[in-house]
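Order of the sequence lines sets the chain letters (A, B, ...), proteins ahead of strands, with each chain counted from 1.
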Amino acid sequence: MAFIDLIPLFFVIFIVIATVALGIWATRRAKTASDFFVASRSVGVGMNASAISGEYLSAASFMGVAGLVMRYGYDTLWYPVCYAAGYLFLLLFIAGPLRRFGAYTIPDFAEGRFDSPLFRKIAVTFVLFIGFFYTMPQMKGAGVVMGEIMGWPYWVGLVVVGAVITFNVAIGGMKGITFVQAFQYWVKMFAISVPVFILMSVFGGYGSHMKANVHNPGQRPIFASTTTRDIKGKTGAPANVLAVTAPATLGIGTEAEFAINREALLVPSTSGTTDTLYVPPLSAMRANGSVIAANTMIKPARPVEVNITGDSTKLTFEEGGLVSFRGDSRVPNAPDNQHWLRPFGDFTSKQGFPLLYTYSLIIGLVCGTAGLPHILVRFYTNPDGRAAKRTTFWVMVLIGVFYMFTPIWGTMGRAIVPELYANNKTDAVVINLPRALHSPMLGAILSGITSAGAFAAFMSTFSGLLVSMSGAVAHDIYGRILRPKSSPESRLAAFKYASIGIGAVAILLGLLVEQFDIAKMVGWAFAIGAASYFPLLLLGSWWRGLTMTGAATGMLVGGLASVGTIVTVMVFDKMGKSGVVSPLARVLMEQPAIWAVPLSLALMIIVSKMTARAIPADVDVKMLRLHAPEELGHSKNYIEH
Amino acid sequence: MRRQLALSIRIASIFMIILLGLPLLNYALPSVANLPVFGFTATWLFLGILFYPLTWFLSWLFIRRSNEIEASLAADMSRSFADVSGLPLDAATPAEPTEER
């Protein structure tokens, strides 16, 4: 590799070393178990808001939103908006009461609210469900970034990065991470904003790129010159499809095996090097070739040039390979300007229920923010409920400013690096866009900055998730269920082993999800949180009539039903079986929040009414602790230290 | 708690009307939503940029009102506590002094 190709790597190594070193430095200062788990509740508002934002802005925010906006346009603006807006709900209904209640984790809340160790066990399972769902896209981010900057295969980057982060968590703990997360917020903010200003000064501003879309509604992105992309085979479904709009000319090698959804005409080469495939068959050429029926598997004997003049042509690759697109060809898989720019484009309209899809997405994202285990735990690091509210406000400002930048990347990526559409690499737009600059050095430096930002993103979120999940295992499963009499030292050891085990599982899961959009996967984790923890926290904080049986029923049914439908959709997609269920069912399965959140809430209310005798006798004391202002001295930390 | 909840619900309602109203507006009046404004469409400009300051404003409003409610609640309760016990508040709890005294 030339020196210039190594520049992004230097940036990435720098950020990893800085993170690990900060973690080690902070660990030396963490003495007690309480320090280790929630940083002694001594963190100031500015630091805590930066740390929460740093932990929250994951690969989905840094890479995924830009990628989704590039790929689908307006409809996916709901992702950043709702990621940010979810905090308003958290602030209005949950942040203050939860902090006053004084517990480390959601399972602590679940147990403390109902004095039920059984309920703790149920609640812990969702830390793991949501956590693993959330780690998958982070791992994908790691694989994609390393693939882009090092040319490593997806799995190599994923395993290396996953192992480094897991190791850091196993030796660090939360105290280190509070400080490190805050640092990483500012790294990410810098990396998403500064390069974009430089890029805009070269390629034109946000508004001018938008204007180009507004004024040419029917236009599609076009390859500027001949471009070669690596197309996945069946194992990469659903990303193994090229939806081509005419006119386009593609060169496909002999390693590929594919089917076309339309009739085609194969004309053997006269010189013996390249055959030609006409889609649809040109009558002038008919005599020279043989007609291939639609959807027939084609395994070219010689490299073949596919000449596409008919619209809505779809090539589905059984076996992938390098495909070259001639300059002036329309970029496959890219929506036209109008469908990209306007609401209800391909993302929400694919199944024919755009409003339903949009609403379900919004509900899942907004309610889901309150149901993320690794975010809520941070509210306990506020000194009191009032500080918790102030922290939330500043988090909304910090992440809001960040999210304003992400669609700019998507918009510019569409105009400048449209080739990413062809092989489903839009998630890598923040890394690729700077390389389009005429100065390779500046391009490499800016790409290094965004690579470092992406690293900060998946490192911080993955670390936070690992801490929450390992904490759940060490603190809840080991410390309270398996070995209630274990010493603090052995719990710390359990934490370290748990983080290594969970890191390994997360790496394995990450290997399975290369073809799914990062931000969409994170949206799914939100939807699961929305249907499980959000109803528990909302009703648990505000309704004295909630019983343990009611809360458990709602959380289990709503949460497990969402996990079930989402996993089913992912498996269908992976196997390329999209038409198995009706379009309406598909929408409801892909975005379950619109039915799962009300279902969970309704079950909690109905079952609680049925078991009203089981309302804890001290519910008024609990309510006082949740809601009385600190001045009255009713708050007490659930776990003393 | 009831006043806090009422406040939360009030602000949540304003927010929900905007959040859930926008897709409806996009759906029912696409010509308004897609009106060109500064190179953007109106709906993109709103959702992609202006929406964030709106959430900041609502959260700032909530925190201000919420802290007022807490302060007045704390004042009421410390007054009634003093009435019943004849003791000042800090004799019974280690809490910080309220603004009232």
Side-chain angles (χ1 to χ4, degrees), chain A residues 69 73-74 77-78 80-82 84-85 87-89 91-93 96-97 205-215 338 341-344 348 354-355 358-359 362-363 366 385-386 389-390 392-393 396-397 399-401 403-404 407-408 411 542 623-624 626-634, chain B residues 1-2 4-5 7-12 15-16 19-20 22-27 30 33-34 36-41 43-49 51-56 58-60 62-63 66-67 69-75 77-78 81 89-90 92-100:
Chain A
V69 170
Y74 181 91
L77 289 178
W78 291 108
V81 161
C82 295
Y87 272 94
L88 187 59
F89 264 67
L91 173 68
L92 293 180
F93 295 106
Y206 193 10
S208 71
H209 285 290
M210 290 302 296
K211 201 181 247 169
N213 284 291
V214 174
H215 287 297
Q338 180 172 319
L341 179 73
R342 296 188 179 175
F344 312 116
T348 53
L355 261 188
T358 306
Y359 279 131
I362 293 173
I363 291 169
V366 168
R386 203 168 271 198
K389 283 187 256 175
R390 279 220 317 277
T392 319
F393 173 78
M396 289 172 66
V397 173
I399 62 176
V401 172
Y403 283 132
M404 284 182 190
I408 308 179
T411 307
W542 294 100
M623 283 292 155
L624 205 58
L626 280 160
H627 298 289
E630 266 84 8
E631 286 87 341
L632 302 178
H634 291 290
Chain B
M1 173 183 160
R2 195 162 297 150
Q4 284 283 4
L5 186 60
L7 171 68
S8 292
I9 289 175
R10 210 162 47 236
I11 295 194
F15 181 61
M16 289 302 269
L19 185 72
L20 299 180
L22 184 61
L24 213 56
L25 178 87
N26 287 337
Y27 195 79
N34 295 317
V37 185
F38 307 124
F40 297 78
T41 61
T43 189
W44 187 298
L45 190 67
F46 180 70
L47 194 62
I49 299 175
F51 201 89
Y52 300 101
L54 178 77
T55 60
W56 303 339
L58 287 176
S59 89
W60 172 80
F62 168 77
I63 292 170
S66 166
N67 286 344
I69 292 175
E70 278 183 17
S72 82
L73 195 71
M77 289 190 62
S78 65
F81 181 83
L89 182 70
D90 57 357
T93 62
E96 292 165 16
T98 61
E99 290 157 13
E100 192 65 15

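Separation of atoms CH2 (A:W78) and OG1 (A:T348) is listed at 10.5 Å; rounding is to 0.5 Å. Residue B:L7 holds its CG atom at 4.5 Å from CD1 of B:I69, rounded to the nearest 0.5 Å. Once rounded to the nearest 0.5 Å, the distance linking NE2 of A:H627 with CG of B:L5 reads 8.0 Å.
Contact annotation for A:A85: both backbone and side-chain heavy atoms come within less than 4.5 Å of a heavy atom of chain B. Proximity to chain B (any heavy atom under 4.5 Å) is restricted, for A:V366, to the side chain, taken from C-beta onward. Heavy atoms closer than 4.5 Å to chain A are found in the side chain of B:N34, but not in its backbone. For a residue to count as touching a neighbouring chain, one of its non-hydrogen atoms must lie under 4.5 Å from one of that chain's; by this rule A:L91 touches chain B with backbone and side chain alike. Within the 4.5 angstrom heavy-atom criterion, atoms from both the backbone and the side chain of A:Y403 approach chain B. For a residue to count as touching a neighbouring chain, one of its non-hydrogen atoms must lie under 4.5 Å from one of that chain's; by this rule A:V214 touches chain B with the side chain only. For B:L54, no part lies near chain A; criterion is any non-hydrogen pair under 4.5 Å. Looking at B:L24, the atoms closer than 4.5 Å to chain A (heavy atoms on both sides) sit in the backbone and in the side chain alike. Contacts of A:S208 with chain B are absent, with no heavy-atom separation under 4.5 Å from either backbone or side chain.
One N or O on the side chain of A:Y359 and one on the backbone of B:L20 form a donor-acceptor pair closer than 3.5 Å. A donor-acceptor contact shorter than 3.5 Å is absent between the side chain of B:W44 and the backbone of A:L341.
When the candidates B:P36, B:P30, B:S66, B:A33 are compared by the number of heavy-atom contacts under 4.5 Å with chain A, B:S66 comes out ahead. Of the residues considered (A:K389, A:K211, A:M623), A:K389 shows the highest number of contacts with chain B, using heavy-atom pairs under 4.5 Å. Residue with the most contacts toward chain A among B:T55, B:L47, B:N67: B:L47 (heavy-atom pairs, distance under 4.5 Å). By number of non-hydrogen pairs under 4.5 angstrom with chain B, the leading residue of A:L626, A:T411, A:V401, A:V81 is A:V81. Annotation: maximal heavy-atom pairing with chain B below 4.5 Å, among A:P407, A:P354, A:P80, A:G205, occurs at A:P80.
Scanning for ring pair (Phe, Tyr, Trp, His ring centres under 6.0 Å) contacts around B:Y52 gives an empty result, with sequence neighbours left out. Residues satisfying the ring pair (Phe, Tyr, Trp, His ring centres under 6.0 Å) test with B:Y27, not counting sequence neighbours, are A:F344.
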B:F62 and B:L58: CA distance, side-chain angles, deciding distance, side-chain contact (heavy atoms from CB on, under 4.5 Å) verdict: CA-CA 6 Å; B:F62 168 77; B:L58 287 176; over 6 Å; no
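Side-chain atoms of B:Q4 and B:L73, non-hydrogen and from C-beta on, never get closer than 4.5 Å to each other.
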